Peer 1: 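The structure under discussion is supplied below as structure tokens; questions concerning it will follow.
Given the structure is predicted, the values throughout are model-derived calculations rather than measurements. Order of the sequence lines sets the chain letters (A, B, ...), proteins ahead of strands, with each chain counted from 1.
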Amino acid sequence: VDIKWKLGVAMSSDTCRSLKYPYVTVTLKVADPSGQITEKSFEMTIPQFKNFFRQFKEMAAVLETV
Amino acid sequence: SIASADMDLNQLEAFLTAQTKKQGGITSDQAAVIAKFWKNHRIKIHESLIDQSRWDNVLKNMNWRVDLKSQSRHIDQINTPVAIVEMELGKNGQ
């Protein structure tokens with residue numbers, strides 16, 4: 001139903017003072033068959049996000065050709 | 001201290017030199033060993049520390065397929081390609 005994303009950089013944590021870790025957070029609003037809406041959130045590292053993006057690019061390409 | 005600050009080679013050298021000059025500090029041989037260890041393992045150690053900071057859901061797996069409806073109750077939905085995506089979310093490391 002809806003998709004939100006943000007790109008963040010974790011600067012510091014309790015285990016590491018200089019983390020400097022970039023990540024992407026995505027939140028999906030999903031409607032199940034009954035119409036009930038749930039929100040799902042997840043975090044990806046940049047390499048994981050690149051793979052995520054690549055999968056959708058492939059899907060888009062297939063959707064074009066069908 | 002070295003891992004927490006994710007020291008680069010300049011910072012490392014300055015830090016270790018300061019440690020060798022301290023009372024009850026390390027020897028220059030020990031400094032050399034520590035420097036070598038950090039140079040070899042810095043990336044892995046940093047990645048491990050990053051891993052410890054990821055406690056929300058992560059994307060564990062993703063599958064997809066594209067369907068084409070050949071029959072439907074609603075005529076306008078026929079021959080519309082649809083992408084169906086399955087995402088597996090879970091806690092890091094589980």
Peer 1: What distance do B:D56 atom CG and A:T25 atom OG1 have between them, rounded to the nearest 0.5 Å?
Peer 2: 7.5 Å
Peer 1: Looking at A:W5, I'd like to know if its CH2 atom is crowded, meaning that more than 12 non-hydrogen atoms belonging to other residues, nucleotides or ligands lie closer than 6.0 Å.
Peer 2: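 Counting other residues, nucleotides and ligands, CH2 of A:W5 stays at 12 neighbours or fewer.
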Peer 1: How close do B:N57 and A:S41 get, counting heavy atoms only, and between which atoms?
Peer 2: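 Smallest heavy-atom distance, with atoms named: CB-O, 3.2 Å.
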Peer 1: Can you hop from A:L28 to A:L7 via hydrophobic side chains spaced under 4.5 Å?
Peer 2: yes
Peer 1: With a 4.5 angstrom heavy-atom cut-off, which part of B:A5 approaches chain A: side chain, backbone, both or neither?
Peer 2: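 Both backbone and side chain.
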Peer 1: With chain B as the partner, which of A:F42, A:F52, A:F56 has the greatest number of non-hydrogen pairs under 4.5 Å?
Peer 2: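 Counting heavy-atom pairs under 4.5 Å, the top option is A:F42.
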Peer 1: Same cluster for A:F53 and A:Y23 if Ile/Leu/Val/Met/Phe/Trp/Tyr side chains link at under 4.5 Å?
Peer 2: no
Peer 1: Sort A:E43 into side chain, backbone, both or neither according to what part of it lies under 4.5 angstrom from a heavy atom of chain B.
Peer 2: both
Peer 1: I need the A:R17 CZ to B:L49 CG distance, nearest 0.5 Å.
Peer 2: 12.5 Å
Peer 1: What part of B:L89 gets within 4.5 angstrom of chain A, counting heavy atoms only: side chain, backbone, both, or neither?
Peer 2: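 Just its side chain gets close to chain A.
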Peer 1: Looking at B:I43, I want to see if its CD1 is surrounded by more than 12 non-hydrogen atoms of other residues, nucleotides or ligands under 6.0 Å.
Peer 2: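 No, CD1 of B:I43 has 12 or fewer neighbouring heavy atoms, counting only those of other groups under 6.0 Å.
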Peer 1: Could you give me the CA-CA distance, side-chain angles and deciding distance for A:Y21 and B:R54, then say whether side-chain hydrogen bond (donor to acceptor under 3.5 Å, both in side chains) is met?
Peer 2: CA-CA 10 Å; A:Y21 151 60; B:R54 301 178 74 207; 2.9 Å; yes
Peer 1: Please check if B:L16 and B:V33 belong to a single hydrophobic cluster, counting links between Ile, Leu, Val, Met, Phe, Trp and Tyr side chain heavy atoms closer than 4.5 Å.
Peer 2: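 Not linked; separate clusters.
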Peer 1: Is it possible for you to say whether A:M44 and A:I46 belong to one hydrophobic cluster, with membership spreading through side-chain heavy-atom contacts below 4.5 Å?
Peer 2: yes
Peer 1: Nearest 0.5 Å, please: how far is CE in B:M62 from CD in A:Q48?
Peer 2: 12.0 Å
Peer 1: Roughly how far, to the nearest 0.5 Å, is the CE atom of A:M59 from the CZ atom of B:R65?
Peer 2: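 The distance works out to 12.0 Å.
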Peer 1: About how many Å separate SG of A:C16 and CD of B:Q52, when rounded to the nearest 0.5 Å?
Peer 2: 9.0 Å
Peer 1: Tell me whether A:K50 at atom NZ has more than 12 heavy atoms from other residues, nucleotides or ligands lying less than 6.0 Å away.
Peer 2: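 Count not over threshold, so no.
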Peer 1: For chain B, which candidate among A:S13, A:S18, A:A10 shows the most heavy-atom pairs at distances under 4.5 Å?
Peer 2: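 Most heavy-atom pairs within the cutoff with chain B belong to A:S18.
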Peer 1: I'd like to know whether CD of B:E13 has more than 12 heavy-atom contacts from other residues, nucleotides or ligands below 6.0 angstrom.
Peer 2: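 Counting neighbours around CD of B:E13, 12 or fewer heavy atoms of other residues, nucleotides or ligands fall under 6.0 Å, so no.
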Peer 1: Would one find more than 12 heavy atoms of other residues, nucleotides or ligands at under 6.0 Å from atom NZ of A:K40?
Peer 2: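 Open: at most 12 neighbouring heavy atoms sit under 6.0 Å from NZ of A:K40.
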Peer 1: For B:V85, is it the side chain, the backbone, both, or neither that has a heavy atom closer than 4.5 Å to a heavy atom of chain A?
Peer 2: side chain
Peer 1: A:V9, A:V24: one ILVMFWY side-chain cluster at the under-4.5 Å cut-off?
Peer 2: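 In one cluster with A:V9: A:V24, no.
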Peer 1: Side chain from CB out, backbone as N, CA, C, O: work out which of these in B:M87 comes under 4.5 Å of a heavy atom of chain A, or both, or neither.
Peer 2: side chain
Peer 1: Which of the residues B:V58, B:V66, B:I50 is involved in the greatest number of heavy-atom pairs with chain A at under 4.5 angstrom?
Peer 2: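 The residue among B:V58, B:V66, B:I50 with the greatest pair count is B:I50.
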